Amino acid sequence: MNPAMPMQDKYTPADIERAAQDHWNKTGAARAVEDATKPKYYCLSMFPYPSGKLHMGHVRNYTIGDVLSRFHKMQGYNVLQPMGWDAFGMPAENAALQNNVPPAGWTYSNIDYMRTQLKSLGFAIDWEREFATCTPEYYRWEQWLFTRLYEKGLVYKKFGTVNWDPVDHTVLANEQVIDGRGWRSGALIEKREIPMYYMKITAYAEELLSELDNLPGWPEQVRLMQKNWIGKSTGVRFAFPVVASGAAAPSSPPLQGEGSGAGMGSADNAEEKLWVFTTRADTIMGVTFVAVAAEHPLATRAAANNPELAAFIEECKKGGVAEADIATMEKKGMPTGIFVTHPLTGEQVEVWVGNYVLMSYGDGAVMAVPAHDQRDFEFAKKYADKLPEIKPVIVPASWKGKKFFTQTGWFEDGDLKLSWPILTNEETDESVDWASWDESFASKEGVCVNSGKYDGLSYEAAVDAIAADLAAKDLGDKKVQFRLRDWGISRQRYWGCPIPIIHCASCGDVPVPDEQLPVVLPENVEITGAGSPLAKMPEFYECKCPKCGGDARRETDTMDTFFESSWYFLRYACPDNTTAMVDERVAYWCKGGIDQYIGGIEHAILHLLYSRFFTKLMRDVGLIGDLGEPFANLLTQGMVVAPTFYRDLDAGKKLWINPADVDVVTDERGRPTGATLKADGLPVVIGGTEKMSKSKNNGVDPQALIDQYGADTARLFIMFASPPDQSLEWSDAGVEGAYRFLRRLWKTTYDHVQAGLVDANFEQNSLSTVQADLRRKLHQTMGKVADDYGRRKQFNTAIAAVMELLNAYDKTDLADTTGRKLAQETLESIALLLFPIVPHIGQALYAELKPGQDAGSAAFPKADPAALKQDEIELMVQVNGKLRGSIRVAAEADKASIEAAALASEGAVKFMEGKPAKKVVVVPGRLVNIVV
RNA sequence: GCCCGGGUGGUGAAAUUGGUAGACACAAGAGACUUAAAAUCUCUCGCUCUUUGAGUGUACGGGUUCGAUUCCCGUCCCGGGCACCA
């Protein structure tokens, strides 16, 4: 860095990187200061969970952020690139159990180590804004916000279902349930209903959905996933009156708590009703039974004097709560003996308990139309002996007005009853056979039949008519339904933000008043793995009611850790504020949204949806002006995946082994045939290839790479390996090549510097033809790299373009005076073009080429139109779409002369075999296709 | 099961709006330099064949088009998410 020192001939990354980082630290190069005179660029990467060491996914994520930050700084923006720690979470408690270290200490020492790793990678992070979410200075504000939302009714309490480990007497996360068993105890897991606090995200469902259309900077894929997750559907919610039974058992109290929303299967006593929601009201005349969830009040009541049903409901409670498990389960059911009245036909249909009906969606009950719903169909086939015949009520639209035949006779214009299973269209001879399912049976493109007054109606008309008739009977109406459910935030865990509620016997749930905040999480605790330690600490939970002053009990549940990550990006604007959650600096940095957010695609739904929700909440509490959407531009990084290896332990448990500790044996085609542990040479099991994670122990620590080759090589290599949104299977094959390239760039620059620096000012027309070609390539590359960094965010092709440029440089004779100047221009440009990716070597090379100058403060190279001019271009010639030769034409040649040249070209003449051209397609600047 | 992605040489990949398939690299092979090694440099490198040429080829099967890795339909495989991993 010292211009007085001669340039070293060898590339020594360790020295260069230390010097560059010292220089940046001394000059405060990454400090972000609000400056209203400059456009701001807030570049945010998802903050890491401090799991112990960085893995390659982190390096990839933060290098992308650093490239974009440095590039935009060179474009004149006032850049903010912050970093912090998503520090609450389960792994800290697991580590505590395993190694007998307190979660707080474990977390803070991980943060210290990972911070040094991040610093060694040379990211232009403003470390003055760093914070960890596990400190009271941070989480006090979410407690404060929680109490505000509680008072506004946006936080409420109701029962929710959790995984219960009956041996360890503890609630388990879905991740801790493996094949239906507790990961530590091996016990079969049960569902259990417990009271929890919920955030009313459904109140924002409509806005969360509609605003997706105003996020052009988001990948279409992510917007689509969120749209499907929110899942707006318009349908009909209606009721089946329950048939009163003289022998009915006394109604058992419903399990649901207060505030559980409309319906929840509850029944009024006057005339009890079973409510359902359907998007296919047009098939209502085909209902043959109604299915309810095992937790539904009707099921509970029916089970009271039906031991067989009670046993079935108990069986439904076995297993975890994860939707994937429920959805792949074998569909089972049992009749309750309770009947309900079909609201339109007046027929009685039986209520069944189905293990596939979710209590948490809609009313916890569904109407079943086996003829037009695949799941209902399979269920009806399985229980055909106990259920009525399947009743088709929709035929293909093309059959409208035509005669078709059923088992019982001809059907025409609704004058005859249908009976399953085969319908044949007389005129077209098409058949529909309900003996085996066909997707078309569920199509909305059809006409109602066997539906009384609705016969002949299409989907929309039938839904309208049926909804109107239900409304007239006061038994239902059209309704918009969301798949999105309210967000349960209570966790029965220690290492999280305490929920600021006090339970008082006389006053109920009382939010902790501001002056008593924060509720500080005690850090000296004993973790046993059985229940929350807080619930065993009277010094924590014993307290006085803020309202009446009487003895009360503090809530011992903590918040979902998604709470912390849903607003941290706003806190970076003002991390030092001790009197408010956020302040006016948010208006500067977050105006129009955070300019770029970068993180893994695995966060496409939950984290990003919760962050959008929080931003709207905070806006409506009046904290952040009119900011409604947090992230203007989103780059979802593909996952860095690696193979997993394990050994089976007792009770279905697994010991996960890091890929670094394993030798993989491959066959002659390079396919893995087996693997052994390096330590003992004995075999291990090869699992799937999955995202690098703590739980599967397949994260690869980049430290060895950095130690051996330096940060720049690690950064260059991971950026060159693949485009950022693509998932990347980790392999360090090729890292040598990245290092080789930097060495070659260093040597090339050294050779030029040794020959003497020159001024790069020269006349374009003094260049030889080959020199003009190089200069054209140089300036094309400037445009290409800026476009790749700025618009395309595709860094591998930017690097490839610079590699091509260096290859061309090496092949071009630059010995004369003009050539030396062009060499100077090219090497200066390369140092700046690569600076965002490899800032240390970029800084060093630029300082050698332009003594005393700072690459990071330089303007990004801009292409000179004079250098890009080209007289002649090459066009490909195709005959019948096959490449047969090429022609060189003037850049501005017209279509007729291009056609003539192409027809006269050697390849065209040969392959046209004397046949006349039927058609000639000229694609300007590309090719000519002759069709014969 | 449902929702979202992906599948191109031995490997990572490129082809930006439907227009030269395999840029740029890695690995491998051959050669130069060297006492030797490393480093460096040069060349070869999708597959097949009758090899100064031609055919064929982007998971698989169809389709649209003068022209398809790209668009459409179907199938298979892999990855992510599924609300308590973060």
Side-chain angles (χ1 to χ4, degrees), chain A residues 46 48-49 51 86 88-91 160 162-163 171-177 219-222 224-225 227-229 231 320-329 331 356 360 375 483-493 560-562 565 600-607 609-610 636 638-639 641 669-670 688-691 693-696 720-723 725-729 731 733-738 740-741 743-744 747 784 787-788 791-792 794 796-797 799-804 807 874-878 880-883 886 918-921 923 925-931:
Chain A
M46 289 183 187
Y49 177 78
S51 56
D86 187 13
F88 276 137
M90 248 180 11
V162 294
N163 302 304
V171 175
L172 296 184
N174 284 337
E175 196 191 44
Q176 298 172 313
V177 179
E220 183 57 42
Q221 169 198 2
V222 175
L224 191 58
M225 279 194 263
K227 185 176 175 232
N228 291 338
W229 184 263
V321 298
E323 191 181 310
D325 296 334
I326 293 163
T328 49
M329 236 167 21
K331 312 284 177 288
Y356 61 95
S360 50
R375 197 177 53 186
R483 204 188 77 97
L484 182 69
R485 312 198 294 254
D486 277 338
W487 173 17
I489 55 146
S490 294
R491 297 292 178 269
Q492 298 68 47
R493 266 185 273 286
D560 180 3
T561 57
F562 272 124
S565 56
I601 184 69
E602 68 271 26
H603 296 293
I605 295 173
L606 291 179
H607 162 63
L609 190 66
Y610 292 149
T636 45
M639 266 143 317
V641 298
R669 296 162 106 182
T689 299
E690 298 178 44
K691 74 167 170 171
S693 74
K694 181 100 186 150
S695 59
K696 296 287 169 66
F720 186 55
S722 75
D725 55 356
Q726 199 165 307
S727 71
L728 171 63
E729 187 167 346
S731 151
V735 68
E736 277 287 345
R740 193 178 300 151
F741 172 73
R743 238 172 15 213
R744 184 172 150 219
K747 179 73 167 36
K784 159 94 181 144
D787 188 44
D788 278 352
R791 179 182 64 91
R792 294 219 301 155
Q794 182 138 325
N796 55 333
T797 49
I799 295 165
V802 178
M803 286 175 169
E804 277 188 68
N807 290 345
E874 190 177 32
L875 296 180
M876 295 300 126
V877 177
Q878 293 183 335
N880 288 336
K882 286 197 172 132
L883 184 65
S886 66
K918 253 197 266 178
K919 186 174 175 184
V920 181
V921 182
V923 184
R926 295 261 184 198
L927 57 70
V928 184
N929 188 16
I930 302 162
V931 187

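In what follows, chains carry the letters A, B, and so on, assigned in the order in which the sequence lines appear, proteins first and then strands, with residues in each chain numbered from 1. These numbers were taken from a predicted model, which means no experiment stands behind them.
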Roughly how far apart, to the nearest Å, are [N] and [M] at atom [atom1]?
| N | M | atom1 | answer |
| --- | --- | --- | --- |
| B/rC82 | B/rA14 | P | 28 Å |
| B/rG74 | B/rG5 | P | 15 Å |
| B/rA25 | B/rU44 | P | 14 Å |

Under 4.0 Å, heavy atoms only, any strand: does [X] hit a base, just the sugar-phosphate, or nothing?
| X | result |
| --- | --- |
| A/T689 | sugar-phosphate |
| A/K784 | base |
| A/R926 | sugar-phosphate |
| A/A604 | nothing |
| A/Q726 | sugar-phosphate |
| A/S695 | nothing |
| A/R375 | nothing |
| A/V222 | nothing |
| A/V920 | nothing |
| A/F720 | base |
| A/Q176 | nothing |
| A/G231 | nothing |
| A/P723 | sugar-phosphate |

Which word best sums up how the rings of A/W487 and A/F562 line up, parallel for under 30°, tilted for 30 to 60°, or perpendicular for over 60°?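 Perpendicular, since the angle between the ring planes exceeds 60°.
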Do the side chain of [X] and the base of [N] come within less than 3.5 angstrom through a donor-acceptor pair of N or O atoms?
| X | N | value |
| --- | --- | --- |
| A/Q492 | B/rC84 | yes |
| A/R744 | B/rU40 | no |
| A/N929 | B/rC66 | yes |

Within this structure, what is the CG-to-C1' distance between A/L728 and B/rG5, rounded to whole angstrom?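 So the CG-C1' distance, A/L728 to B/rG5, works out to 16 Å.
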Nearest-Å distance for atom pair CG/P, residues A/N807 and B/rU40: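 Going from A/N807 (CG) to B/rU40 (P), I get 14 Å.
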If you assign A/A801 and A/N163 each to the RNA chain B nucleotide with the nearest heavy atom, which residue ends up on the more 5' nucleotide? A/A801
Ignoring the backbone of [X], work out which of [options] is nearest its side chain.
| X | options | value |
| --- | --- | --- |
| A/E602 | B/rG81, B/rA25, B/rA83 | B/rG81 |
| A/D787 | B/rU16, B/rG19, B/rG80 | B/rU16 |
| A/Q221 | B/rG1, B/rC4, B/rA86 | B/rC4 |
| A/L224 | B/rA27, B/rC4, B/rC85 | B/rC4 |
| A/N228 | B/rU20, B/rC84, B/rC4 | B/rC4 |
| A/M225 | B/rA13, B/rG1, B/rG80 | B/rG80 |
| A/K691 | B/rC66, B/rC85, B/rC26 | B/rC85 |
| A/F562 | B/rA86, B/rC85, B/rC24 | B/rA86 |

For nucleotides 56-59 of chain B, list the nitrogen or oxygen atoms of the protein found under 3.5 Å from its nitrogen or oxygen atoms, one pair per line.
residue : atom : partner : partner atom : Å
B/rU56  : OP2  : A/K882  : NZ           : 3.3

Taking syn as any angle within 90 degrees of 0 and anti as the rest, which one fits B/rG74? anti
Checking one value: the base orientation of B/rU44, syn if chi is within 90 degrees of 0, otherwise anti.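 What B/rU44 shows is an anti base, its glycosidic angle lying more than 90° from 0.
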What stems involve RNA chain B, if each pair must be Watson-Crick or G-U and both of its distances must be under 3.5 Å, with 3 or more such pairs in a row?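 Runs of three or more consecutive pairs: B:1-7 with B:76-82, B:10-12 with B:24-26, B:28-32 with B:40-44, B:46-49 with B:53-56, B:59-63 with B:71-75.
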Residue pair A/S565 / A/D86: nearest heavy atoms and the distance that separates them: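 Smallest heavy-atom distance, with atoms named: CB-OD2, 4.2 Å.
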So, do A/F741 and A/F720 sit near enough that their side-chain heavy atoms are less than 4.5 Å apart?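 No, their side chains stay 4.5 Å or more apart.
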